[in-house]
Amino acid sequence: MPLVELRNVSKIYHLGGEEIRALDDVSLDIDSGEFISIIGPSGSGKSTLMHILGCLDSPTHGTIQLDGTMIHNASARELAGIRNRKIGFVFQFFNLLPRLNVMQNVELPMIYSGVSSRERREHAMASLKMVGLENRSKHRPMQLSGGQQQRVAIARALVNSPRIVFADEPTGNLDSRTGEAILELFRQLSTEGRTIALVTHDPEIAAVTPRRIEIRDGKIAQKVDPKLAGLDRQPTEHAMQNGEPSS
Amino acid sequence: MNLINAILVGFKEIWTHKFRSLLTMLGIILGVSSLVAMSALVKGMENGMKDALVAIGGLEKVRVEEQDIPAAQRHLADQAAGLTINDVYAIHRSAPLIKIATPEMRLGRFVTVTHAGKTPDWANVIGTWPQALEMNQHVVEHGRMFTEIDDELARNVCVIGTGIRDQLFGPPEKTGQENVVGEEIQINGQPFRIVGQFTRYESEMDRKLRELEKDQPKETGGVQRRRGWGSGRGNNSWVYNMKNNSIYMPLNTMWIKFKSAGTGTNTVPDPRLNGLSIKVADIDKLEPALQQVRNVMMHTHHGIEDFSFQTQENWSEGITQAIRNQRMSGGFISAISLLVGGIGIMNIMLASITERIREIGIRKAIGATYADVFIQILVESVVIALVGGVAGLFASFGTVRLLMIMSPTENTPVITFSAMILAFIFSALVGVLAGLIPAFKAAKLDPIQALRYE
């Protein structure tokens, strides 16, 4: 079973009576350990796709399975729990809390999963070692360079050992050299067996990943996985179990 | 996120915005300290009022006085004996709910007490038993109370209050003579030996005023003069004046020396008492005790009801009522200032979450639930209120001290533990109420929108 299984997912917004299909009947599988990029111009729906995959948002139609759980109709509380334990986020603007030091920032996800403070410290330290910032643990984010801040954000994303990490334009706010280094870090993490999805508009960045999913006008423009073509037209087992209408 | 973490985050938040938090807390600090100080003032006032009630003998003391015979028994008027010593004996024998009963004979308004040509404005001359000491809450400071032997032999001895001493001998501040035991005074022309002297009875206010004047003597200008009664401060100073201006002598002395008809040969002195006082053993049994005394006295008075009871219940209820009113008005003012403090907290919490929308988005993205965010904001609000509350408790000690400096002669305010607990609980409550709306607003933020917020 793939780690992530999207079937006929749509996201429809209503803006002043006008219907906007941010995602239009998207089906997609991501296997455990894959290193993929979701690429598309701004407004293509790639962010919406990431939000839905990342359990920040729920689809209007369709079914999603993540790590054996159906999440398309999960409650906000369940989604928060899934985000906490199974998903890591890395953002363009790092999104570290400026008043906490590096260690506390990395510990933050574990606070919400109720890990004891000693364990938190150990895990956070291990995570910081992974990104090579173990000797910066007492610094404030503002005292670090952009690249270092992004590394802290990656350490935070990894600290709860998530099943999948989403990185939303992780190099967008960095100079090209630092950006290279961050991409290299992702590649390295990928070789360690982690599932990583880069979201970007830049084909050059997307080029580092073995698999690319291109989104255009809310649809997947280029299917890398030919087996999905067959699944596309008929309802899946999961969809039927969940009483979804067949498309 | 557990509670300890939320509390730590709350403290961190306060520490980050020290000045802003302090200003916010100021409302709570003022509210709590005014609540505690108000209740301390009221408590002090209550103590002052209750002291006066105790000084007059307490709620347990009931006076039995003569009363006009009811109209239905008017034809039996010549059978009425009036209050006599027999009533006292009968009560002692047959009314077990009464702890003590003492007879009282008074000299009328026209008594003249003199010493070396000086006469007091007014003297409360009473003939009674030695037990009157306990009955009327008197304390002998110098000498002794007259004894039963003095009473048996009808000796010309008396015990006087400090008011009488001041008027007959001059106040000790001027004469240097505090103790006048052993001196002789004239009461209606008869010589009496002073065997004892009561302590000075005064309210706390008067005592403070006196001490204040001792430290800073008042400039007395113009012709020396008495300034008259009514100078006493507070509503209850008459109680103390009355006690200070008493002269106590044995009942028999009073009866034989002052109550004889005066002319004629075979005269028996008038045996009637002016009144008698009874003390109930248990204040909860006031009603049955009075019934008992009434039964006994109806017997000794041959069924003629020429007496009535006078208790201090009205006074006591008056105190309760006055205290309740004070509490209400004080509590109302404090409640308003706490409310204003709460509004301040709500305001600052709303500003704070607007500042931290992005932070809330981040927290939600990494797994904070609705409840986590709600509790975090609520706890921050409660922490501000509680820190303010604790600071207010400390400030209340300062406030009370300030009040004492501003009016040093008032009753000492008493800070009660229960008032502090109450104020603390109220500040917590204000924190919760003020935090609800901001917490709700923060918790229902959409993480995607919040993350995009600039």
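Lettering follows sequence order; numbering is per chain, from 1.
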Visitor: Would you say A:E18 has more than 12 foreign heavy atoms packed within less than 6.0 Å of its CD?
Guide: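 It does not: A:E18 CD has 12 such atoms or fewer within range.
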Visitor: Please determine, among A:L96, A:L56, A:D57, the option with the most heavy-atom pairs under 4.5 Å with chain B.
Guide: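 The residue among A:L96, A:L56, A:D57 with the greatest pair count is A:L56.
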Visitor: So that I can tick it off, tell me whether A:E214 and A:R216 are bridged by a salt bridge, with the cut-off set at under 4.0 angstrom between side-chain N and carboxylate O.
Guide: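 Salt bridge between A:R216 and A:E214, a charged N being under 4.0 Å from a carboxylate O: yes.
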Visitor: Report the distance from atom OG of B:S337 to atom CD1 of B:I28, rounding to the nearest 0.5 Å.
Guide: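 Result: 8.5 Å between the selected atoms.
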Visitor: Tell me, for A:E107 versus chain B, whether the close heavy atoms (under 4.5 Å) come from the side chain, the backbone, both or neither.
Guide: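 A:E107 has no heavy atom closer than 4.5 Å to chain B.
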Visitor: In Å and rounded to the nearest 0.5 Å, what is the CZ to CD1 distance from A:R21 to A:I12?
Guide: 4.0 Å
Visitor: Surrounding CD1 of B:I437 (heavy atoms of other residues, nucleotides or ligands, distance under 6.0 Å), is the total greater than 12?
Guide: no
Visitor: How long is the gap from CG on B:L436 to CE on B:M346, to the nearest 0.5 Å?
Guide: 7.5 Å
Visitor: For A:D217, does the CG atom have more than 12 heavy-atom neighbours from other residues, nucleotides or ligands under 6.0 Å away?
Guide: no
Visitor: Do B:R363 and A:Y112 have side-chain atoms, one donor and one acceptor, less than 3.5 Å apart?
Guide: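 A:Y112 and B:R363 do have a side-chain donor-acceptor pair below 3.5 Å.
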Visitor: Applying a criterion of heavy atom separation less than 4.5 Å, what residues of residues 80-94 of chain A form contacts with chain B?
Guide: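 Hits under 4.5 Å: A:A80, A:R83, A:N84, A:F89, A:F91, A:F93.
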Visitor: Quick one about A:E169 and A:H201 (side-chain donor to acceptor, distance below 3.5 Å, no hydrogens or angles considered), yes or no?
Guide: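 Yes, side-chain donor-acceptor contact under 3.5 Å.
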Visitor: Checking an interface table here. Which of residues 353-362 of chain B come within a heavy-atom distance under 4.5 Å of chain A?
Guide: B:R356, B:R358, B:E359, B:I362
Visitor: Do A:T209 and A:S37 meet the criterion of a side-chain donor-acceptor pair at a distance under 3.5 Å?
Guide: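 Present: a donor and an acceptor within the cut-off.
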Visitor: What salt bridge (charged side-chain N to carboxylate O under 4.0 Å, His left out) pairs are there with at least one residue in residues 138-164 of chain A, not counting sequence neighbours?
Guide: A:D67-A:R163
Visitor: What verdict does the side chain to side chain contact (heavy atoms under 4.5 Å, CB included) test give for A:V159 and A:M110, after you've listed the backbone C-alpha separation in whole Å, the side-chain angles of each residue and the deciding distance to 0.1 Å?
Guide: CA-CA 8 Å; A:V159 77; A:M110 291 184 286; 3.5 Å; yes
Visitor: Measure the spacing between CG of B:N347 and OG1 of B:T24 and express it to the nearest 0.5 Å.
Guide: 8.5 Å
Visitor: Which of residues 125-133 of chain A have a heavy atom under 4.5 Å from any heavy atom of chain B?
Guide: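 Residues of residues 125-133 of chain A touching chain B at under 4.5 Å: none.
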Visitor: Taking 4.0 angstrom as the limit, do A:R120 and A:E122 come out as a salt bridge?
Guide: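 No, no charged N to carboxylate O under 4.0 Å.
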